[in-house]
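Working notes for the structure below.
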Amino acid sequence: MNNDNTLKQRIDAMRTELKEHNYRYYTLDMPVIPDVEYDQLLRQLETLEAELGEPVPADSPTQSIGAIPSQTFVTREHGEPLLSLANAFEPEEIVAFVRKIREGTGEEKPDFIIEPKIDGLAVNLRYESGQLSIAATRGNGKVGEDVTDNIRTITDIPWHLNCADTKFPEVLEVRGEVYMSKATFTELNMRQDTEGLPAFANPRNAAAGSLRQLDAKVTAKRGLNFFAYGVGLGGRELATSQSALLARLHDFGFAVQDTSIANDEKGLLGRYQWLQERRADMPYEIDGVVYKLDGFALQHRMGAVARSPRWAIAHKFPAEEVITSVNQIIWQVGRTGVITPVAEMQPVAVGGVIVSRATLHNIDELQRKQVYAGARVIVRRAGDVIPEVVRAVDVDEKEKLPSPPKNCPVCSASVFRAEGEVALRCSGGLSCPAQLKERLSHFVSRGAMDIEGMGDKLIAKLVDEALLTDIADLYEFDYTSLHGWPGMGNKKIANLQKALEQSYRRPLARFLHALGIRHVGTATATGLASYFGELDGLMQANVEALVNIPDVGPEVAASICSFFAEPHNRDVIARLLAAGVQPSVPPSGSGNHPLAGKTVVLTGSFKSIQRRAAQEQLRALGAKPTGSVSKSTDLVIAGEKAGSKLTKARELGIEVANEQQLLAWLKA
Ligand code: IVH
């Protein structure tokens, strides 16, 4: 009895909590928890209700869908309720789903249609005599809000059905998802920013906020889209299967998604994997895959439970947004002395990996996102993009925002902010160990001098022990003195020495890139190397000479000049050469191409060369062209209309080149 009472109390509390989340999600468009957390709560409640074994009231969040519609708009009753989908996360749940379908239909291999699960909001469109009469949000599934005026601004939605020579039902309800494409979302947030308005957290919130506007003109400017995926009243007579229905809806003038068919768990899971891999490159956000029994007769045989049909299931991708709390904000010093705030957080699984740190890029962003030690924050990770803090939730303690450091957290030199720059910088130069460590790891990295075995940990230790004080020390240091250091056996030391020797004759382009001159990445370094052919000429060049080189503008030229004018840099270079480093310039056609060994991604469209042809030529030059951008990509070559791969490259700080540079490389 006592146990039952506590169980009841827990159930009541969870119902109240979930109702509040429903209200925040559906009515205010301001969820305070990510979807996964909501789904977990709902599942817990379902389990507890089952455990209690009492009749479940109709208003329990497990029975009713969504929230009570807001009074902002006129409410509309749907002709047929809009159902929701049961969620699954694990492959075993899909295996069980297929088994139940087999048992329920008596079919050994029934056809399933597989559709991407669009991350937007469901609407019901009512057509009377082929004319759009009412468009309503899902609301609680039975009653929604009238958004007809706003829906009419969406060009994917026909105002009248295109069915000149076919019959159509007198009243037809078409269901689908209103969404905002990734590109539109990025643009909208940029506009919000210039107008001093808060950014939308994700495309779904942006779509919901844009649809629920009192002024349809505002909605029109937001560039919403729509995909049709189902029908309500009057729909049954249109087709005998979901795939045929989608074809009819397409004929009527609706946008529909690409789908596929499979007839067993292996086929479903294979397509899930396939879509998950392409998720980051899709022009709109998807949060999973929907499997639907294709045949309507079989669907009918399976029936529905309170919230959702038994003939369909949503297989969700691992969460890309979760909430965690910030332990502390640390200030990290980079290669060029830029001091960046980094949030150290309670470790949390997001998008399939554990995340505990995320950069906040600069103090402006930290202040905009209101992140401080103790804040609860939404962390996001899309595709294989590095995690980011989206924003803090329930911000109420602005005074806790950390103030920018006055002194470098590593070397205590004073911190300054150059005019017109958001970045804070340490004034310590190479006497700052943090800057030195970063500079050394850049110098030895794969795209630069490629010194295998000289990892970040070893560099950090050597700098901390004051054994390395600049890059020339790398070649002057007596590595045999490392005998006896933990992890440094004879073989390791010998390999390290060999790697250093092998780096003596790296191509000039790589050497220039390795020096870490501001604004000189792989592309510029390659241009400089092929123009000058040797180091000396470049070191003597003035700004006038440098701006003659393709892709070198006044800013880059000035940066190169001031680098080589700096006595300390000249001294370091002299010592490198004296130690045996001899940057080489290969005679053309020798096979030692600047892109040899580099992992290169081509994206977007190119005017003067086909992407495939470019890939083949790159391969012939020793480069490794691949399809997707990740941390191990060295270079992204972006043509016109480059999309998410380019964005990802920028986020990961990967060097980006254009078509002109590509052509120059192919000629080199
Ligand atoms: S079918 C009875 N198909 O997901 C079937 N829904 O979690 C009802 N959604 O309310 C929905 N993409 O807002 C269906 N291809 C798709 C979908 C999809 C996104 C949304 C929709 C629905 C929710 C259920």
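Fair warning: this is a prediction, and the values are worked out from it, not measured in the lab. Atoms within each ligand, like the ligands themselves, are counted from 1 in listed order.
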Option passing side chain to side chain donor-acceptor pair (under 3.5 Å) with Tyr229 (candidates Lys117, Glu115, Glu177): Glu177
For Leu83, atoms of ligand 1 separated by under 4.0 Å from a heavy atom: 2 (C), 8 (C)
Distance filter under 4.0 Å to Ser84 heavy atoms, resulting ligand 1 atoms: 7 (O), 24 (C)
Heavy atom of the protein closest to atom 12 (N) of ligand 1 (residue, atom name, distance): Ile118 N, 3.0 Å
Distance flag, aromatic centroids of Phe112 and Tyr272, threshold under 6.0 Å: no
Rounded distance (nearest 0.5 Å) linking atom CD1 of Ile323 with atom CE of Met345: 12.5 Å
Minimum-distance protein heavy atom relative to atom 5 (C) of ligand 1: Leu85 CD2, 3.8 Å
Minimum-distance protein heavy atom relative to atom 23 (C) of ligand 1: Lys117 NZ, 4.0 Å
Per-atom contacts, ligand 1 versus Pro309 - under 4.0 Å to a heavy atom: 2 (C)
Ring centroid separation Phe254 to Phe227 under 6.0 Å: no
Identity and separation of the nearest protein heavy atom to atom 10 (O) of ligand 1: Arg138 NH1, 2.9 Å
Test item: Arg102 side-chain N/O and Glu108 main-chain N/O as donor-acceptor pair under 3.5 Å: yes
Heavy-atom nearest neighbour in the protein, as seen from atom 22 (C) of ligand 1, with distance rounded to 0.1 Å: Tyr229 OH, 3.8 Å
For Glu80, the option from Arg175, Lys142, Arg236 that meets side chain to side chain donor-acceptor pair (under 3.5 Å): Arg236
Leu161 side, atom CG; Tyr127 side, atom OH - distance, nearest 0.5 Å: 5.5 Å
Options Arg204, Lys292, Gln242, ranked by nearest heavy atom to atom 3 (N) of ligand 1, top entry: Lys292
Sub-4.0 Å atoms of ligand 1 with respect to non-hydrogen atoms of Pro116: 12 (N), 15 (N)
Approximate separation, where rounding is to 0.5 Å, of Arg10 CZ and Arg15 CZ: 13.0 Å
For atom 9 (N) of ligand 1, closest protein heavy-atom neighbour: Glu177 OE1, 3.7 Å
For atom 15 (N) of ligand 1, the protein heavy atom that lies nearest, with its residue and separation: Glu115 OE1, 2.8 Å
